[in-house]
Novice: 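First the structure, which I've put down as structure tokens, then a few questions once you've had a look.
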Amino acid sequence: MIVCDTRERKNECILKYFEENEIPYIQKKLDVGDYMDSERMDVSIDRKRNLGELVKNMLSHDKIRFWKEIRRASRAGIRLIVLCEHGEGYKRMEDVSKYKDRHSKASGRSLMNEMQRAKIAYGVEFLFCDRVSAGRRILELLSQ
């Protein structure tokens with residue numbers, strides 16, 4: 001059964017995918033990430049709607065909260081996967097260097113550097129998909 005964090009916002013498309021495919025899920029507060037498998041709580045998917053959300057989480061004044069979550073996952077032995085629904089030519093971390101955020105002065109290069117820092121220091125994985133395939137991708141990642 002998939003556990004969905006109650007604080008996850010704008011996830012109707014993912015819940016709809018679960019329902020259409022008869023994937024059982026419950027909504028419950030998670031300490032790390034947004035989605036976990038109730039049978040295997042050592043992997044967590046933290047979904048980001050786009051790279052703009054990732055910029056806010058990793059490079060803004062609010063970054064402390066996200067880095068605490070990363071450290072919490074590491075201490076608990078949880079493999080944290082950040083799944084960014086940006087799509088549009090972003091397939092790997094190196095593609096992030098070309099990103100330009102119109103709401104922030106942060107560069108794609110600085111975001112990519114922070115992502116690499118999280119990967120090296122805490123083992124955080126950053127993966128990309130489009131919005132339509134997010135539900136399917138979450139299931140695939142939780143079943144690995």
Novice: Is atom CZ of R9 surrounded by more than 12 heavy atoms (other residues, nucleotides or ligands) closer than 6.0 Å?
Specialist: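 Atom CZ in R9 is not packed in, count stays at 12 or less.
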
Novice: Does a side-chain heavy-atom distance below 4.5 Å link L51 with D101?
Specialist: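 SC-SC contact between L51 and D101 ruled out.
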
Novice: Test your reading of the model: is there a side-chain donor-acceptor pair from Y17 to the backbone of I23, 3.5 Å cut-off?
Specialist: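 The answer is no, because no donor-acceptor pair under 3.5 Å joins these two groups.
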
Novice: Is there a side-chain contact between L59 and S110 (heavy atoms, below 4.5 Å)?
Specialist: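 Result yes, sub-4.5 Å side-chain heavy-atom pair found.
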
Novice: Once you round to the nearest 0.5 Å, how far does NZ of K48 lie from CG of N57?
Specialist: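 One gets 3.5 Å once the value is rounded to the nearest 0.5 Å.
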
Novice: To the nearest 0.5 Å, what is the distance between CD (E125) and CD1 (I45)?
Specialist: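 E125 CD to I45 CD1: 8.5 Å, rounded to 0.5 Å.
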
Novice: Any donor and acceptor pair, going by atom type alone, linking the side chain of R137 with main-chain N or O of C129 inside 3.5 Å?
Specialist: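 Absent.
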
Novice: If I take atom OG from residue S44 and atom CZ from residue R72, how far apart are they, to the nearest 0.5 angstrom?
Specialist: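 Taking OG in S44 and CZ in R72, the distance rounds to 10.5 Å.
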
Novice: Indicate yes or no: at least one non-hydrogen side-chain atom of I81 is less than 4.5 angstrom from one of V43.
Specialist: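 Yes, side chains in contact.
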
Novice: Run the salt-bridge test on R65 and E69 with the 4.0 Å N-O cut-off and return the result as yes or no.
Specialist: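 So R65 does not pair with E69 through a salt bridge.
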
Novice: Any idea how Y25 and F18 line up, ring-wise: parallel (<30°), tilted (30 to 60°), or perpendicular (>60°)?
Specialist: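 The arrangement is tilted - the two ring planes meet at 30° to 60°.
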
Novice: If you define the side chain from C-beta out and look only at heavy atoms, does anything of N50 sit under 4.5 Å from E85?
Specialist: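 With C-beta onward as the side chain, the pair stays apart.
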
Novice: Report the distance from atom CZ of R109 to atom OG of S97, rounding to the nearest 0.5 Å.
Specialist: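 So the gap between those two atoms works out to 4.5 Å.
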
Novice: So M115 and L54, do their side chains get closer than 4.5 Å, heavy atoms only?
Specialist: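 Side chain of L54 against side chain of M115, heavy atoms only: contact under 4.5 Å found.
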
Novice: Does K56 make a cation-pi contact with F66, if we ask for NZ or CZ under 6.0 Å from the ring centre and within 45° of the axis?
Specialist: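 Negative - K56 is either too far from the ring of F66 or too far off its axis.
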
Novice: Are L15 and M36 connected in the hydrophobic side-chain network, where two residues link if heavy atoms are under 4.5 Å apart?
Specialist: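 No: no chain of side-chain contacts under 4.5 Å links L15 to M36.
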
Novice: How far apart are the closest heavy atoms of M112 and E94, and which atoms are they?
Specialist: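 Smallest heavy-atom distance, with atoms named: SD-CA, 3.7 Å.
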
Novice: Is there a side-chain contact between V96 and F126 in this structure, where contact means two heavy atoms from C-beta onward sitting under 4.5 Å apart?
Specialist: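 They are not in contact (no side-chain heavy atoms under 4.5 Å apart), so the answer is no.
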
Novice: Evaluate whether atom CD1 of I26 has more than 12 neighbouring non-hydrogen atoms of other residues, nucleotides or ligands under 6.0 angstrom away.
Specialist: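 Enclosed.
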
Novice: Looking only at non-hydrogen atoms, find the nearest pair between M58 and E114 and report the distance.
Specialist: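 Heavy atoms of M58 and E114 come nearest at CE-O, 3.5 Å.
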
Novice: Which pair of non-hydrogen atoms, one from G89 and one from K98, has the smallest distance, and what is that distance?
Specialist: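 Scanning both residues completely, I find the closest heavy atoms to be O-NZ, 3.5 Å.
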
Novice: At what distance, to the nearest 0.5 angstrom, does OH of Y122 lie from CD1 of I70?
Specialist: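 Going from OH on Y122 over to CD1 on I70, the span is 8.0 Å.
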
Novice: Side-chain contact test, heavy atoms from C-beta onward, threshold under 4.5 Å: evaluate it for Y35 versus I14 and give yes or no.
Specialist: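 Yes. Closest side-chain heavy atoms under 4.5 Å.
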
Novice: Any chance you could lay out the salt bridge (Lys or Arg N to Asp or Glu O under 4.0 Å) test for E19 and K16, step after step, and finish with the verdict?
Specialist: CA-CA 5 Å; E19 289 164 5; K16 182 179 177 185; over 6 Å; no

Novice: Taking a hydrophobic cluster as the set of Ile, Leu, Val, Met, Phe, Trp and Tyr residues connected by side-chain heavy atoms closer than 4.5 Å, whether directly or through intermediates, do I2 and L80 fall within one such cluster?
Specialist: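 Cluster IDs for I2 and L80 differ.
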
Novice: Inspect the surroundings of NZ in K28 and state if more than 12 heavy atoms from other residues, nucleotides or ligands are less than 6.0 Å away.
Specialist: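 Result for NZ/K28: open.
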
Novice: Distance-only, no hydrogens or angles: does the D34 side chain make a donor-acceptor pair with backbone N or O of R47 under 3.5 Å?
Specialist: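 Such a contact is found between D34 side chain and R47 backbone.
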
Novice: Do D95 and R92 make a side-chain contact, defined as non-hydrogen atoms from C-beta onward lying under 4.5 Å apart?
Specialist: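 D95 reaches R92 side chain to side chain.
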
Novice: Check the orientation of F128 and Y90. Use parallel for under 30°, tilted for 30 to 60°, and perpendicular for over 60°.
Specialist: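 Answer is tilted, since the angle falls between 30° and 60°.
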
Novice: With clusters defined by side-chain heavy atoms of hydrophobic residues (ILVMFWY) lying less than 4.5 Å apart, directly or transitively, does I78 cluster with W67?
Specialist: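 They do share one cluster, since a chain of ILVMFWY contacts under 4.5 Å joins W67 to I78.
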
Novice: Drop me the distance from L83's CG to I138's CD1, to the nearest 0.5 angstrom.
Specialist: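 Reported value, rounded in 0.5 Å steps: 6.0 Å.
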
Novice: List the atom of E22, the atom of P24, and the distance in Å for their closest heavy-atom pair.
Specialist: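 Here E22 and P24 meet closest at O-CD, 3.4 Å.
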
Novice: Does the E39 side chain pair with the main chain of M1, one donor and one acceptor, at a distance under 3.5 Å?
Specialist: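 The answer is no, because no donor-acceptor pair under 3.5 Å joins these two groups.
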
Novice: V124 and L142: same hydrophobic cluster, using ILVMFWY side-chain contacts below 4.5 Å?
Specialist: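 Not linked; separate clusters.
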
